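Bear in mind that the values here come from a model prediction, so they are computed numbers and not experimental data.
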Amino acid sequence: MKSTVLKPAELTSDLLCRWRALCRMSAIYRSPFYRPQFTLAVADVRPDTRVAVYEDRGNVIGFLPFHTARGGAGKPVGGQLNDYQGPVLVHGARIEPRELLEGAGLSSYDYNHLPTEISGLSRGATGFSSSPQMNLSEGYEAFVGRKDKSWTKAKREIRRRCRKTEKEYGPLRFTFHDPSDAVFERHIEMKNTLLERAGTRFRIKRDWIGEVLQRLRHIEDEDFSARMTTLHAGDHLLAAHFGLTARGVWHWWFPSYDLAAYKLGPGINLVDQCAMAAEEHGIDTIDFGRGDGAFKLLFADRFVELCEGTIARPGSMARLIRQGTQAVVSAAESLPLGQYKSYPRRAAARLVSGVTLPDRKHT
């Protein structure tokens, strides 16, 4: 096997076509995060982006987009923005972790949103989760027909809140895609307000993350696009969502709503409106991303199993550090920490094996 490491701008049109073709070959790569367009948008902002291209007897069999980090470590392209990570490989290809790392010139590769179906990498996983999905391949009504009584009750509540919303604010208006700057800026404002209320440190600012979102906003390709979806009541923007689509998959990414209208359930109303409009726009799957939030579980009817962990070269410093960190984490988690049980693992992810990228744009 032969491999080459390129800057994304060095990828030829033939290589980009091959990358897209590999995404179409396997259902596991339907997510927009596996598309070259996502990597190219990130690379416009972060010069530390690289792509390893793997060949076998003259045929390109895979791509691994990543960021170079300290000590030869690799992080998934887009870091904390990326909800589906790992290499894009030709169907049936078996590349061992050692080969993957050597081909990319890395000592290790950390991940926290890797499909377990990529078994060569997931064997050493240290944690597991899932990404809830909404199957709309047969349309919204068929989806409703598969749901139980809890859905009927929830839908009744959505309709009741819709009536109350229209009474208080005005007629509801759903827009599948609104590319205006004003709507996007208001969406970011609402999202940051919700993040502040939740007590998280993350904000969407004019940093590299904000720049990536701005670049994605303007992509309109046949197999990849960004969508700014809105729900108004009268002239009032109640809820919005900025997400990515790729050949039938709509990834639920950055939702927001007006906190003042919280009791009217604008967020869940928007999800339902999106689901009802999906078929018209060629969407057969809404992927809600990792997590078990109540609204995700309400709408989901299937799940993609994910894992987190690290692959590292035998004998490398990266492997020794990560093995040692994992041993400390395992020991700490065996203690009676109660509600703080997740803290050791989260601290280790921040300091050693996490996928969060630094603000500094290094080369």
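Residues Glu157 and Lys153 are not paired through a salt bridge, judged by the lack of any N-O separation under 4.0 Å between the basic side chain and the carboxylate. Of the charged side-chain nitrogens involved, none lies within less than 4.0 Å of a carboxylate oxygen, so that Asp301 and Lys147 do not count as a salt-bridged pair.
Asn135 and Ser137 share a donor-acceptor pair across their side chains, judged by distance under 3.5 Å alone. For the residue pair Arg302 and Thr285, a side-chain donor N or O sits within less than 3.5 Å of a side-chain acceptor on the partner. Judged purely by distance below 3.5 Å, without hydrogens or angles, the side chains of Asn269 and Tyr257 never pair a donor atom with an acceptor atom. Side chains of Ser122 and Thr116: a donor-acceptor N/O pair is absent below 3.5 angstrom, by distance only. In this model, a donor atom of one side chain and an acceptor atom of the other lie less than 3.5 Å apart for Ser256 and His187. A donor-acceptor pair shorter than 3.5 Å can be found between the side chains of Asp110 and Thr310. A side-chain N or O of Asp223 and one of Gln37 form a donor-acceptor pair less than 3.5 Å apart. At a cut-off of 3.5 Å, with distance as the only test, a side-chain donor of Tyr84 or Ser131 sits close to an acceptor on the other residue.
Arg18 is listed as a side-chain neighbour of Val90, based on a closest heavy-atom distance under 4.5 Å. A heavy-atom distance below 4.5 Å is found between the side chains of Thr229 and Phe174. In this structure, Thr165 and Leu172 have side chains that are in contact, with non-hydrogen atoms separated by less than 4.5 Å. At least one side-chain heavy atom of His67 sits under 4.5 Å from a side-chain heavy atom of Val77. Thr49 has its side chain out of reach of Phe66: every pair of non-hydrogen atoms, C-beta onward, lies at least 4.5 Å apart.
The distance between the ring centers of Tyr34 and Trp19 does not fall below 6.0 angstrom. Aromatic ring centroids of Trp252 and Phe299 lie 6.0 Å or more apart. Here Phe242 and Phe184 bring their ring centres to under 6.0 angstrom of each other. Close placement of the His251 and Phe33 rings is indicated, their centers lying within 6.0 Å of each other. For Phe288 and Phe295, the ring centers are positioned less than 6.0 Å apart.
Ring geometry for His281 against Phe176 counts as parallel: the plane angle stays under 30°, on a 0 to 90° scale with 60° as the upper cut. Relative orientation of the Tyr169 and His236 rings is tilted, given thresholds of 30° and 60° on the angle between their planes.
Side-chain atoms of Arg215 never come within 3.5 Å of backbone atoms of Phe38 as a donor-acceptor pair (strictly under, hydrogens ignored).
Hydrophobic clustering (side-chain heavy atoms under 4.5 Å, transitive across Ile, Leu, Val, Met, Phe, Trp, Tyr) keeps Leu231 apart from Trp253. Taken together through direct or relayed side-chain contacts under 4.5 Å among Ile, Leu, Val, Met, Phe, Trp and Tyr, Met228 and Met190 form parts of separate hydrophobic clusters.
Open room surrounds CD on Glu279; 12 or fewer heavy atoms of other groups in view lie less than 6.0 Å from it.
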